[in-house]
Amino acid sequence: MKPAAFAYAKARSLDDAIRLLGEHQGEAKLLAGGQSLIATLNMRLSNPSLLVDINGVAGLDGIRVRNGTVEIGAMTRHVTLEHSSDIAKHAPLIALAMPHVAHPAIRNRGTIGGSLAYADPAAELPACLVALDGEIDVVGAGGKRTVAAGDFFRGLFETALGPHDVLSAVRFPAASAQTRVGFAELARRHGDYAMVGLAAVAKARGKALNDVRLTYFGVGELPVRVRKAEEALAQGSIDDAVNALDLDPTSDIQATGAVKQHLAGVLLRRVAQQLMESA
Ligand SMILES: Cc1cc2nc3c(=O)[nH]c(=O)nc-3n(C[C@H](O)[C@H](O)[C@H](O)COP(=O)(O)OP(=O)(O)OC[C@H]3O[C@@H](n4cnc5c(N)ncnc54)[C@H](O)[C@@H]3O)c2cc1C
């Protein structure tokens with residue numbers, strides 16, 4: 001299929017992008033990497049009257065590590081994150097997740113801002129950002145605001161972004177010597193969206209784990225933290241954590257809820273092992 005007709009504008013700046021979005025009263029869409037948007041246009045799941053291309057907007061990309069914080073500009077491409085030595089050193093969870101995000105051709109164009117704004121419940125980066133206790137900068141007509149990752153994802157493909165907002169950057173704490181991370185997912189083919197996946201962060205204290213944050217994806221409408229399992233893992237028992245797994249996965253085209261629940265337990269064992277081996 002081909003998309004319905006639309007107009008195209010190349011934004012010259014962030015302000016220009018926000019102005020164009022405002023002028024079109026919810027009928028305009030931002031174009032980042034286009035890897036999800038163009039597919040939805042072609043399938044006519046979306047028919048904006050205008051695409052606002054933010055690929056040429058200065059200052060929206062790049063990785064900055066300062067004062068114990070990693071900041072990533074929205075237009076930073078997946079491929080840049082995948083090959084960045086700063087990400088490998090200061091954001092090892094993102095480094096572990098990147099090879100699972102789609103395929104190389106899609107990673108060449110897709111952006112972190114596009115992935116978070118699109119908010120596919122089976123996507124890796126939203127769950128990573130929640131596990132990392134990150135925050136997201138949003139710029140709109142009323143200025144800039146910062147939203148905690150845990151509050152950003154609101155429903156199925158629904159976020160805290162308004163129709164005239166631009167996600168400009170994300171931030172999260174840089175890894176320290178105590179930081180431990182784990183990541184695993186099950187997909188039918190490598191590069192497909194996950195059936196179930198798990199992103200995890202913890203702090204090592206001797207042989208024990210503190211501040212465990214386990215965030216599943218592909219199990220419902222949003223990235224889901226499992227706080228009872230987190231507590232059980234912090235007590236040191238993987239079996240107890242699996243038994244405490246407070247998830248209620250919804251069935252989807254990939255698997256039933258019961259299968260997903262089982263797979264979630266399998267992933268928890270793998271990820272817990274990763275966290276504990278490095279602790
Ligand atoms: C075959 C295939 C397999 C894929 N597999 C995976 C996978 O396994 N895991 C995964 O995570 N992703 C997967 N993707 C999606 C891919 O990662 C996309 O690149 C990503 O979801 C969207 O990023 P984008 O930059 O291409 O955004 P676009 O497609 O350009 O935009 C997506 C949406 O976000 C909005 N948007 C984009 N940028 C911003 C911004 N800065 N502020 C506000 N709104 C914005 C757009 O208006 C649009 O509504 C797959 C895609 C394809 C085609």
Side-chain angles (χ1 to χ4, degrees), residues 3 6 8-11 13-14 17-18 20-22 24 26-43 45-57 59-62 72-82 94 96-130 136-141 144-145 147 152-153 157-170 183 185-197 199 217-218 223 254:
F6 56 83
Y8 169 91
K10 196 159 176 69
S13 65
L14 194 48
I18 293 162
L20 286 162
L21 290 174
H24 285 76
E27 293 290 313
K29 283 246 174 227
L30 292 173
L31 172 67
Q35 299 303 297
S36 299
L37 178 61
I38 299 301
T40 63
L41 297 188
N42 287 344
M43 289 187 277
L45 297 171
S46 169
N47 57 348
S49 60
L50 174 72
L51 292 194
V52 178
D53 185 348
I54 51 172
N55 280 272
V57 173
L60 274 187
D61 68 347
I72 305 174
M75 286 302 292
T76 308
R77 312 243 178 229
H78 299 328
V79 67
T80 305
L81 298 176
E82 186 179 6
I94 303 280
L96 281 179
M98 282 327 294
H100 297 274
V101 177
H103 311 279
I106 293 162
R107 294 201 292 273
N108 282 340
R109 293 299 301 167
T111 64
I112 187 167
S115 179
L116 298 170
Y118 191 58
D120 189 302
E124 290 80 3
L125 290 171
C128 287
L129 207 65
V130 172
I136 294 172
D137 285 343
V138 177
V139 186
K144 181 164 132 183
R145 63 190 195 277
V147 184
F152 182 78
F153 302 100
F157 297 102
E158 206 186 308
T159 68
L161 289 169
H164 309 153
D165 287 336
V166 181
L167 189 163
S168 60
V170 307
F183 183 92
E185 73 172 50
L186 293 161
R188 287 184 190 274
R189 292 173 307 185
H190 185 87
D192 281 1
Y193 276 109
M195 295 166 75
V196 183
F217 51 101
Q254 302 234 46

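Counting starts at 1 for both ligands and their atoms, in listed order. Since this is a predicted model, take the numbers as computed values, not measurements.
For atom 46 (C) of ligand 1, the closest heavy atom belonging to the protein is Leu30 O, 3.0 Å. With hydrogens left out, the protein atom closest to atom 15 (C) of ligand 1 is Tyr193 OH, 3.1 Å, a heavy atom. Scanning the protein heavy atoms around atom 20 (C) of ligand 1, the nearest turns out to be Ser36 OG, 3.5 Å. For atom 27 (O) of ligand 1, the closest heavy atom belonging to the protein is Gly114 CA, 3.5 Å. Protein heavy atom nearest atom 9 (N) of ligand 1, with residue, atom name and distance: Glu124 OE1, 2.7 Å. In terms of protein heavy atoms, atom 42 (N) of ligand 1 is closest to Leu167 N, 2.8 Å. Looking from atom 4 (C) of ligand 1 to the surrounding protein, the closest heavy atom is Ala102 CB, 3.4 Å. Residue, atom and distance of the protein heavy atom nearest to atom 26 (O) of ligand 1 are Gln35 N, 2.8 Å.
Below 3.5 Å of separation, one finds an N or O of Gly33 facing an N or O of ligand 1. Note: no N/O pair closer than 3.5 Å links Ile38 and ligand 1 by distance alone. Among the atoms of Leu37, some N or O lies under 3.5 angstrom from an N or O of ligand 1.
Nearest-heavy-atom check against atom 28 (P) of ligand 1 across Gly34, Ala74, Ala17 picks out Gly34. Selection from Pro163, Ala117, Ala105 by nearest heavy atom to atom 44 (N) of ligand 1 gives Ala117. Here atom 1 (C) of ligand 1 lies nearest to Ile106 when heavy atoms of Ile112, Ile106, Ile54, Ile136 are compared.
Heavy-atom separations between Ser46 and ligand 1 are all 4.0 Å or longer.
Atoms of ligand 1 lying under 4.0 Å from at least one heavy atom of His78, given by number and element, are 17 (O), 19 (O). Of all atoms in ligand 1, listed by their number and element, those nearer than 4.0 Å to a heavy atom of Asp192 are 8 (O). Listed by atom number, the atoms of ligand 1 under 4.0 Å from Gly191 heavy atoms are 5 (N), 8 (O). Listed by number with element, the atoms of ligand 1 under 4.0 Å from a non-hydrogen atom of Thr111 are 23 (O), 24 (P), 25 (O).
Among Thr40, Thr111, Leu37, the one residue that satisfies the side chain to side chain contact (heavy atoms under 4.5 Å, CB included) test with Tyr118 is Thr40.
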